[in-house]
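Chain letters run A, B, ... following the sequence lines, proteins first, then strands; residues in each count from 1.
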Amino acid sequence: MIDLKSLREDPDVARASQRARGEDPELVDRVLAADERRRALLTAFEQQRAEQKEVSRSVGKASPEEREHILAKAKALAEEVKAAETEAGTAQRELDEMLAQLPNLVLDGVPSGGEDDYVVLKEVGTPRDFAAEGFEPADHLDIGHGLGGIDTERGAKVSGARFYYLTGIGARLELALLNAAMDTALAAGFTPVITPTLVKPEIMAGTGFLGAHADEIYRLEADDLYLVGTSEVALAGYHAGEIIDLSDGPKRYAGWSACYRREAGSYGKDTRGIIRVHQFHKVEMFSYVRVEDAEAEHQRLLGWEEQMLALVDLPYRVIDTAAGDLGSSAARKFDCEAWLPTQQRYLELTSTSNCTTFQARRLGVRERGERGTHPVATLNGTLGTTRWIVAILENHQNADGSVRVPEGLRPYLGGLEVLEPVAAR
RNA sequence: GGAGACGUCGCAUAGUCUGGUCUAGUGCGCAUCCCUGCUAAGGAUGUGAAGGGGCAACCCUUCCGUGGGUUCAAAUCCCACCGUCUCCGCCA
């Protein structure tokens with residue numbers, strides 16, 4: 001949610017932000033009109049209410065002969081107040097509804113445009129030249145089959161398309177990766193958290209996931225709960241409605257959870273293997289920081305993500321996502337994308353968003369300032385997901401179907417250096 | 001799933017039966033100041049959130065788990081829901 005007061009003071013910033021996202025700048029003016037209407041009706045209601053309270057109080061003290069007269073007056077006032085309250089309430093709801101449609105203001109420097117208008121900030125590492133090495137790289141699913149690590153057929157049998165089993169070394173690899181991610185977070189001062197994966201509607205709404213992409217989210221109708229697509233949701237809700245103390249620096253949490261996504265709009269996209277699946281695991285960083293510290297924290301989160309990518313020794317690039325591809329909560333987003341040899345393209349492995357005060361305002365996460373309270377900033381970023389297995393298998397494969405274990409992961413696999421195909425054993 | 005108790009301004013508690021200076025009292029904590037040679041102790045004042053109006057001092061409205069209802073008037077009465085605790089039943 002955008003701050004109404006600053007929107008009133010400087011609507012041009014919001015209009016420009018809307019344009020950068022490729023969305024309607026006139027929504028800003030509709031919000032302002034609704035706000036004006038609401039304030040007028042609210043003031044009218046409050047004045048009538050104050051009068052009514054005074055009259056009501058005088059009823060108790062009134063002499064018997066005055067009483068009847070005063071009571072009649074009070075009754076009439078009560079009617080008026082009720083009507084005024086209803087009107088003011090309706091105006092408030094209309095405003096809220098409109099305000100909820102307004103996405104976060106993008107930060108200066110964010111490229112305008114849509115999905116393809118990202119800016120590459122840097123490229124790290126060099127993709128392997130498999131032609132020079134003299135073999136055609138296999139894709140992650142073939143390698144996974146060979147290792148006895150990935151079973152998509154039984155996944156489909158039991159749960160449907162886009163489900164899978166990780167077995168044997170596949171399961172161990174995921175645990176190793178996520179443990180490495182947790183250790184990285186711990187070393188950086190994060191508090192490890194295992195979160196709920198079912199959350200209430202107001203928490204899901206507060207994080208901004210129930211807007212344009214609501215059909216991405218699993219909903220349990222019988223219980224009115226949502227399955228989270230990331231532990232960001234549960235971690236953003238963790239301090240909902242609280243006044244937190246950031247005087248000792250940011251509050252940093254590393255969430256470990258299963259993630260669920262309906263992948264509603266992605267028919268036919270990444271259907272092979274475990275690139276795009278309905279359920280996976282993720283270690284997610286989440287920071288509550290002061291507003292003035294948000295951009296610096298964003299760089300720090302990116303730094304820890306790159307540390308993890310270095311640990312598993314993958315070639316990757318960092319992109320600055322364009323405004324139109326940001327999602328409603330983010331003011332800026334950096335993705336790290338690993339090179340995928342069999343598809344000759346980059347695949348998103350991490351994503352870190354600076355949500356500024358957008359989520360915190362909706363969820364009521366504040367800190368105490370000089371004069372009263374104000375919302376904090378929230379940021380999130382990926383430290384490891386099931387999908388990373390795809391990039392690890394493909395980039396570190398050998399001609400014989402075995403896979404070199406990147407050194408950083410070896411301690412988490414009992415010192416194992418090479419994953420051998422099951423058939424070869 | 002059944003029965004019962006409870007939910008009040010950071011914490012603790014009064015108020016609810018019997019609706020009306022509750023404009024929510026008190027203690028603790030906290031903040032500032034005063035007093036005290038130091039310490040211990042004491043005194044005074046202040047002490048939440050959201051929204052609105054005003055240049056400002058300040059004023060108004062809302063908030064007693066949440067949402068409805070009754071009433072001129074609700075922390076207080078009624079209904080529903082949520083949460084916590086205790087007991088019973090069932091299940092992993």
Go ahead and name the base partner of [N]; Watson-Crick or wobble counts if both distances stay under 3.5 Å, otherwise write none.
| N | value |
| --- | --- |
| B:G42 | B:C34 |
| B:G1 | B:C88 |
| B:A49 | B:U62 |
| B:C11 | B:G27 |
| B:G83 | B:C6 |
| B:U71 | none |
| B:G19 | none |
| B:C55 | none |

Under 4.0 Å from any heavy atom of chain A: name the first and the last nucleotide of RNA chain B that qualifies, 5' to 3'.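 Contacts span B:G20 to B:A73, reading 5' to 3'.
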
Hey, does [X] reach any base, or is it just sugar-phosphate, or nothing, if we go heavy atoms under 4.0 Å?
| X | result |
| --- | --- |
| A:Lys73 | nothing |
| A:Leu42 | sugar-phosphate |
| A:Arg361 | nothing |
| A:Lys5 | sugar-phosphate |
| A:Gln47 | nothing |

Span that lies between the [atom1] atom of [M] and that of [N], in whole angstrom:
| N | M | atom1 | answer |
| --- | --- | --- | --- |
| B:G7 | B:U61 | C1' | 26 Å |
| B:U8 | B:U66 | P | 10 Å |
| B:C35 | B:A44 | P | 15 Å |
| B:G15 | B:G19 | C1' | 13 Å |
| B:G51 | B:A14 | P | 33 Å |
| B:U23 | B:U18 | C1' | 22 Å |
| B:U13 | B:A31 | P | 24 Å |
| B:U16 | B:U39 | P | 45 Å |

Side-chain H-bond candidate by donor/acceptor type, A:Gln359 with A:Glu232, under 3.5 Å: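 Result is yes, a qualifying pair exists.
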
Would A:Gln307 and A:Thr184 count as having a side-chain donor-acceptor pair, cut-off 3.5 Å?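 No, no side-chain donor-acceptor pair sits under 3.5 Å.
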
Kindly write out the residues that satisfy salt bridge (charged side-chain N to carboxylate O under 4.0 Å, His left out) with A:Lys122, not counting sequence neighbours, or none if the list is empty.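 Expected list: A:Glu306.
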
Could you work out, with salt bridge (charged side-chain N to carboxylate O under 4.0 Å, His left out) as the rule, every residue matching A:Asp224, not counting sequence neighbours?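 So A:Asp224 forms a salt bridge (charged side-chain N to carboxylate O under 4.0 Å, His left out) with A:Arg219.
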
5'-most by nearest nucleotide on RNA chain B - A:Lys200 or A:Arg8: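 Result: A:Arg8.
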
Report the residue (A:His374 or A:Ala74) whose heavy-atom-nearest nucleotide on RNA chain B is the more 5′ of the two.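 Nearer the 5' end of the strand: A:His374.
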
Contact list for residues 152-178 of chain A, test ring pair (Phe, Tyr, Trp, His ring centres under 6.0 Å), sequence neighbours left out: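 Non-adjacent pairs meeting ring pair (Phe, Tyr, Trp, His ring centres under 6.0 Å): A:Phe163-A:His278.
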
Could you pull out all residues at least two apart from A:His239 that satisfy ring-ring contact (aromatic ring centres under 6.0 Å, His included)?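 If we apply the ring-ring contact (aromatic ring centres under 6.0 Å, His included) test to A:His239, skipping adjacent residues, the hits are A:Tyr253, A:Tyr288.
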
Check this for me: does any side-chain nitrogen of one of A:Asp151 and A:Arg154 sit under 4.0 Å from a carboxylate oxygen of the other?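 So A:Asp151 pairs with A:Arg154 through a salt bridge.
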
Which residue pairs pass the salt bridge (Lys or Arg N to Asp or Glu O under 4.0 Å) test when at least one of the two sits in residues 351-367 of chain A, sequence neighbours left out?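 Sorted pair list: A:Arg290-A:Glu367.
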
